[in-house]
Structure formats: structure tokens, C-alpha cells
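These notes are about the structure you will find just below.
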Amino acid sequence: MLSKKQARAFFLGGTVVTFLIFIVLTIFSFSKAQDQSNDGNITEAVVRGKQIWEDNNCMGCHTIMGEGAYYAPELTKVIERRGKGYIKAVLMTPVAWEPNGRKMVAYGFSEEEALDLIEFFDWIDNIDLNGFDTVVSPLAKDDN
């Protein structure tokens with residue numbers, strides 16, 4: 001059995017080792033090699049697209065990378081799933097439409113606004129998702 005002095009030394013030693021491991025892992029996490037943000041590819045069009053996303057409260061219905069509301073589809077990797085032409089048509093339509101019984105507002109974006117949003121979605125799609133190729137939304141339907 002350990003004496004009080006030995007137990008205290010053992011506890012303090014373990015605390016110091018754990019703290020040092022935490023510091024090393026924190027520094028490693030913030031290293032450039034671990035950067036998955038895709039921030040080097042932010043263009044003015046991406047910034048404008050993000051601003052349009054915010055100004056129109058798209059996150060009130062949609063999600064990106066799991067963040068947002070679950071009323072409408074998850075838009076992470078949407079370009080990969082639907083293609084730029086489809087997305088542009090949806091964004092520019094002057095008519096409200098109801099895919100799967102959910103009403104999408106007809107924003108009637110201009111071509112420039114639609115292209116900026118597409119650039120934002122494309123930038124999002126190129127963020128490293130750490131192996132999670134698909135972000136699952138509660139709205140996802142199993143086709144099996």
C-alpha cells in the first residue's frame with residue numbers, strides 16, 4: 001500500500017503528465033498540417049454567397065454541416081448530389097415550389113446572386129469533413 005506522501009506524488013506526477021499531453025495535443029490540433037478549414041480558397045464570390053445565405057436566413061430551414069434547421073434538406077455536398085445547373089434553376093425560379101410537400105420560398109435570385117451562392121456551396125463542399133462524406137439529415141430518406 002502507498003503512503004500518503006507516495007500517493008500524493010503519484011497523483012501530482014499523473015496530473016503533470018496528463019497536462020503535458022493535453023498541451024502537446026492542443027498545439028498539434030492548431031498546427032497548419034491539421035487545418036481542414038479550406039480558408040485558402042475563400043474568394044469574393046464565396047463571401048458574397050455567404051452574405052446572401054445569412055441575409056435570407058437560409059439556415060432557418062436548411063442545414064450546412066449539420067448546423068441549422070431541419071425543415072429543408074441538408075446542403076453540405078449539394079453540388080455533388082444535384083449539380084450546379086439544378087441549384088441555379090432552383091435559386092432563380094420566380095415560382096414557389098413544394099418538393100416532398102415542403103414549400104420552398106421563390107427568392108428569384110439574379111444570376112449573379114445564384115452563382116455566388118453556388119460558389120459558397122462549392123467552397124463548403126470542399127471542406128475536409130474528416131471522413132464523413134455524407135452529413136445525415138433527419139429528412140434523409142432510405143431508398144431501400
Side-chain angles (χ1 to χ4, degrees), residues 2 6-144:
L2 296 175
Q6 289 172 324
R8 189 175 304 141
F10 186 73
F11 173 77
L12 290 176
T15 301
V16 168
V17 168
T18 303
F19 179 74
L20 291 175
I21 290 171
F22 174 76
I23 294 299
V24 168
L25 290 174
T26 300
I27 291 168
F28 176 74
S29 295
F30 284 105
S31 69
K32 188 66 178 164
Q34 298 304 310
D35 185 7
Q36 298 170 309
S37 67
N38 195 26
D39 66 338
N41 295 323
I42 295 176
T43 64
E44 289 182 27
V46 170
V47 172
R48 287 191 306 267
K50 169 69 169 160
Q51 190 63 53
I52 293 167
W53 171 266
E54 295 291 331
D55 290 347
N56 290 280
N57 190 29
C58 298
M59 198 173 266
C61 294
H62 292 278
T63 56
I64 289 186
M65 296 192 306
E67 293 290 324
Y70 293 111
Y71 178 75
E74 164 68 48
L75 296 180
T76 306
K77 305 281 185 191
V78 69
I79 299 220
E80 198 175 286
R81 289 191 316 272
R82 294 295 192 162
K84 291 181 180 182
Y86 177 87
I87 296 166
K88 184 177 174 186
V90 168
L91 294 172
M92 293 179 65
T93 184
V95 179
W97 58 298
E98 299 183 35
N100 299 322
R102 289 182 168 83
K103 191 170 186 177
M104 169 75 177
V105 175
Y107 287 103
F109 290 120
S110 69
E111 184 169 358
E112 182 182 355
E113 291 169 323
L115 292 174
D116 288 344
L117 275 164
I118 289 169
E119 285 300 309
F120 173 62
F121 295 145
D122 198 28
W123 176 78
I124 290 286
D125 288 358
N126 289 309
I127 291 176
D128 183 354
L129 297 177
N130 247 356
F132 293 96
D133 293 335
T134 304
V135 178
V136 179
S137 166
L139 298 176
K141 295 183 179 175
D142 189 7
D143 292 333
N144 296 334

Practice prompt. Calculate, to the nearest 0.5 Å, the distance between atoms CG and CD belonging to D116 and E111 respectively.
Written response: 10.5 Å
Discussion item. For W53 and F121, take the angle between the two ring planes, folded into 0 to 90°, and tell me which bin it lands in: parallel under 30, tilted 30 to 60, perpendicular over 60.
Written reply: perpendicular
Practice prompt. Test side-chain contact (heavy atoms from CB on, under 4.5 Å) on W123 and N41 and set out the steps.
Written response: CA-CA 7 Å; W123 176 78; N41 295 323; 4.1 Å; yes
Worksheet entry | NE2-CD distance between H62 and E67, expressed to the nearest 0.5 angstrom | 15.5 Å
Discussion item. Is it true that, when you exclude E44 itself, more than 12 heavy atoms of the residues, nucleotides or ligands shown sit nearer than 6.0 Å to its CD?
Written reply: no
Discussion item. For V90, give me all partners under side chain to side chain contact (heavy atoms under 4.5 Å, CB included), at least two apart in sequence or on another chain.
Written reply: Y86, W97, M104
May I have the list of side-chain donor-acceptor pairs in residues 13-21 shorter than 3.5 Å, sequence neighbours left out?
residue	atom	partner	partner atom	Å
T15	OG1	F11	O	2.8
T18	OG1	G14	O	2.8

Practice prompt. Test side-chain contact (heavy atoms from CB on, under 4.5 Å) on L75 and I124 and set out the steps.
Written response: CA-CA 9 Å; L75 296 180; I124 290 286; over 6 Å; no
Practice prompt. For R48, look at atom CZ and say whether over 12 heavy atoms of other residues, nucleotides or ligands are found less than 6.0 Å away.
Written response: yes
Worksheet item: Between M59 and G68, which heavy-atom pair has the shortest distance, and what is it?
Response: CG-CA, 3.2 Å
Worksheet item: Residues in side chain to side chain donor-acceptor pair (under 3.5 Å) with E113, at least two apart?
Response: S110
Worksheet item: To the nearest 0.5 Å, how far apart are CD1 in I118 and NZ in K84?
Response: 7.5 Å
Response to the item:
Tightest non-hydrogen contact, residues T93 and A106, listed as O-CB, 3.9 Å
Item to complete: Work out which heavy atom in E74 is nearest to a heavy atom in G66; give both atom names and the distance.
Response: OE1-N, 3.2 Å
Fill in: Atom of R82, atom of I87 and distance for their closest heavy-atom approach
CB-CG1, 4.3 Å
Fill in: Rounded distance (nearest 0.5 Å) linking atom CD of E112 with atom CG of L117
11.0 Å
Fill in: Flag side-chain contact, heavy atom, 4.5 Å: F120 against I52
no
Practice prompt. Taking all non-hydrogen atoms of both residues into account, name the closest pair between N56 and Y107 and its distance.
Written response: O-OH, 3.3 Å
Item to complete: Would you sort out whether K50 and V46 count as a side-chain contact (heavy atoms from CB on, under 4.5 Å), showing the intermediate values?
Response: CA-CA 6 Å; K50 169 69 169 160; V46 170; 5.5 Å; no
